[in-house]
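Heads up, the thing below is written out as structure tokens.
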Amino acid sequence: MDYTIHYDSPLGGITLGSDGKALLGLWFDDQKYFADSLAKQYEVKELPVFEETKRWLDIYFSGGIPDFTPPLLMKCSDFRKSVWKIMLGIPYGHTMTYGEIADKVAKERGLENMSAQAVGGAVGHNSISLIIPCHRVVGSSGSLTGYAGGINKKVQLLTLEKANMEHFFVPKKGTAL
């Protein structure tokens with residue numbers, strides 16, 4: 001059985017999902033791929049993992065850097081899991097490009113190269129937003145693209161983290177990463 005709870009953030013409602021022990025989802029209520037890793041049948045219930053996650057979110061949204069990570073359950077393919085684990089290593093207030101992540105995945109898998117577009121798909125389907133910081137992934141040209149929660153939220157999150165926004169821009173539709 002899966003469980004959910006709601007969290008009111010400064011950027012809008014967030015739904016948390018769990019299998020009862022670990023966090024399997026954290027979605028802005030209006031984001032693309034909402035609840036994609038949640039079972040069709042679920043129950044609204046307060047759980048220790050939700051309390052821990054809400055504490056993490058409270059620290060984060062107050063401008064602090066949480067010094068812990070709630071237990072996570074990445075319900076996804078091995079490829080996506082490898083991309084998500086790299087995203088977990090992007091420091092607060094910093095960014096990484098899709099290409100840089102592709103290079104790391106290729107190296108881990110003993111490949112010559114990896115498609116940045118394939119990485120983009122894995123980043124875009126991240127079920128545990130914020131904690132797995134997909135908002136810190138940018139295009140190689142500095143374009144702020146590909147955030148399932150919306151580009152406006154991505155800008156707000158990077159601003160909250162005091163990321164250097166000097167070289168970032170929001171691309172026009174149809175612009176390549």
Side-chain angles (χ1 to χ4, degrees), residues 7-16 23 25-34 53-70 72 74 76 79-109 111-177:
Y7 177 87
D8 290 316
S9 86
L11 301 183
I14 292 176
T15 298
L16 308 176
L23 189 70
L26 190 159
W27 305 273
F28 282 104
D29 289 345
D30 58 351
Q31 86 173 48
K32 198 174 185 181
Y33 312 117
F34 178 82
T53 303
K54 289 191 283 186
R55 189 167 62 86
W56 189 100
L57 291 166
D58 288 344
I59 293 167
Y60 179 81
F61 283 117
S62 69
I65 303 171
D67 61 355
F68 65 94
T69 302
L72 305 178
M74 298 178 199
C76 60
F79 173 71
R80 284 186 182 171
K81 197 173 289 186
S82 66
V83 170
W84 295 2
K85 285 181 179 180
I86 290 168
M87 287 191 295
L88 272 168
I90 304 171
Y92 182 97
H94 291 83
T95 59
M96 182 178 273
T97 68
Y98 295 95
E100 289 170 329
I101 293 174
D103 289 345
K104 283 186 170 238
V105 171
K107 191 175 210 176
E108 285 175 3
R109 293 174 169 241
L111 303 171
E112 246 182 77
N113 57 44
M114 170 65 58
S115 163
Q117 286 181 316
V119 166
V123 170
H125 283 84
N126 173 19
S127 296
I128 310 173
S129 298
L130 300 175
I131 294 174
I132 299 177
C134 51
H135 62 279
R136 296 180 189 150
V137 182
V138 299
S140 60
S141 64
S143 57
L144 296 177
T145 135
Y147 191 60
I151 297 300
N152 186 43
K153 282 189 178 83
K154 185 172 192 161
V155 169
Q156 289 176 298
L157 294 168
L158 290 171
T159 300
L160 172 72
E161 294 183 14
K162 296 177 178 56
N164 181 353
M165 302 286 284
E166 186 177 318
H167 301 289
F168 296 141
F169 67 95
V170 177
K172 294 178 183 170
K173 288 201 183 266
T175 305
L177 299 175

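What you see is a predicted model, and the numbers here were worked out from it, not measured in a lab.
Sorted by first and then second residue, the salt bridge (charged side-chain N to carboxylate O under 4.0 Å, His left out) pairs with a member in residues 87-107 form an empty list; sequence neighbours excluded. The salt bridge (charged side-chain N to carboxylate O under 4.0 Å, His left out) analysis of residues 147-156, with sequence neighbours excluded, yields the pairs D30-K153. For residues 121-139, the set of pairs meeting the salt bridge (charged side-chain N to carboxylate O under 4.0 Å, His left out) definition, not counting sequence neighbours, comprises R136-E161. A ring pair (Phe, Tyr, Trp, His ring centres under 6.0 Å) check over residues 111-133, counting only residues at least two apart or in different chains, returns the pairs Y33-H125.
Annotation: side chain to side chain contact (heavy atoms under 4.5 Å, CB included) contacts of S9 (sequence neighbours excluded): Y7, L11, I14, F28, F61. Under the side chain to side chain donor-acceptor pair (under 3.5 Å) criterion, N152 pairs with no residue at all, not counting sequence neighbours. Looking at residues two or more places apart in sequence or on another chain, you find no side chain to side chain donor-acceptor pair (under 3.5 Å) involving T95. With sequence neighbours left out, S62 forms a side chain to side chain contact (heavy atoms under 4.5 Å, CB included) with no residue at all. Evaluation of the side chain to side chain contact (heavy atoms under 4.5 Å, CB included) rule for F79 yields S77, S82, V83, V105, R109, M114, A118, V119, A122 as partners, not counting sequence neighbours. Legend: residues meeting side chain to side chain contact (heavy atoms under 4.5 Å, CB included) with L88, ordered by chain and number and at least two apart, are L72, M74, I132.
Using a 4.5 Å heavy-atom cutoff, the side chains of I131 and Y60 are not in contact. Side-chain contact check for W27 versus S127: some heavy-atom pair is nearer than 4.5 Å.
The shortest heavy-atom contact between I90 and P133 is O-CG, 4.2 Å. When all heavy atoms of A148 and G124 are compared, the pair lying nearest together is CB-O, 3.8 Å. The two residues T97 and S140 make their nearest non-hydrogen contact at CG2-CA, 3.8 Å. Scanning all heavy atoms of the two residues, the minimum distance from Y92 to G63 falls at OH-O, 3.4 Å. Looking at every heavy atom in both residues, L26 comes nearest to Q31 through O-OE1, 4.5 Å. Closest of all the heavy-atom pairs between S129 and C134 is OG-SG, 4.4 Å.
Interatomic distance, I86 CD1 to M96 CE, rounded to the nearest 0.5 Å: 7.0 Å. Taken to the nearest 0.5 Å, the CG atom of L111 stands 7.5 Å off from the CG atom of N113. A distance of 10.0 Å separates CG of N126 from CZ of R80, quoted to the nearest 0.5 Å. Going from atom OG1 of T159 over to atom CE of M165 covers 4.0 Å, rounded to the nearest 0.5 Å.
In K85, the NZ atom is not crowded: 12 or fewer heavy atoms of neighbouring residues, nucleotides or ligands sit closer than 6.0 Å.
W56 places no side-chain N or O within donor-acceptor distance of the main-chain N or O of T69, the cut-off being under 3.5 Å.
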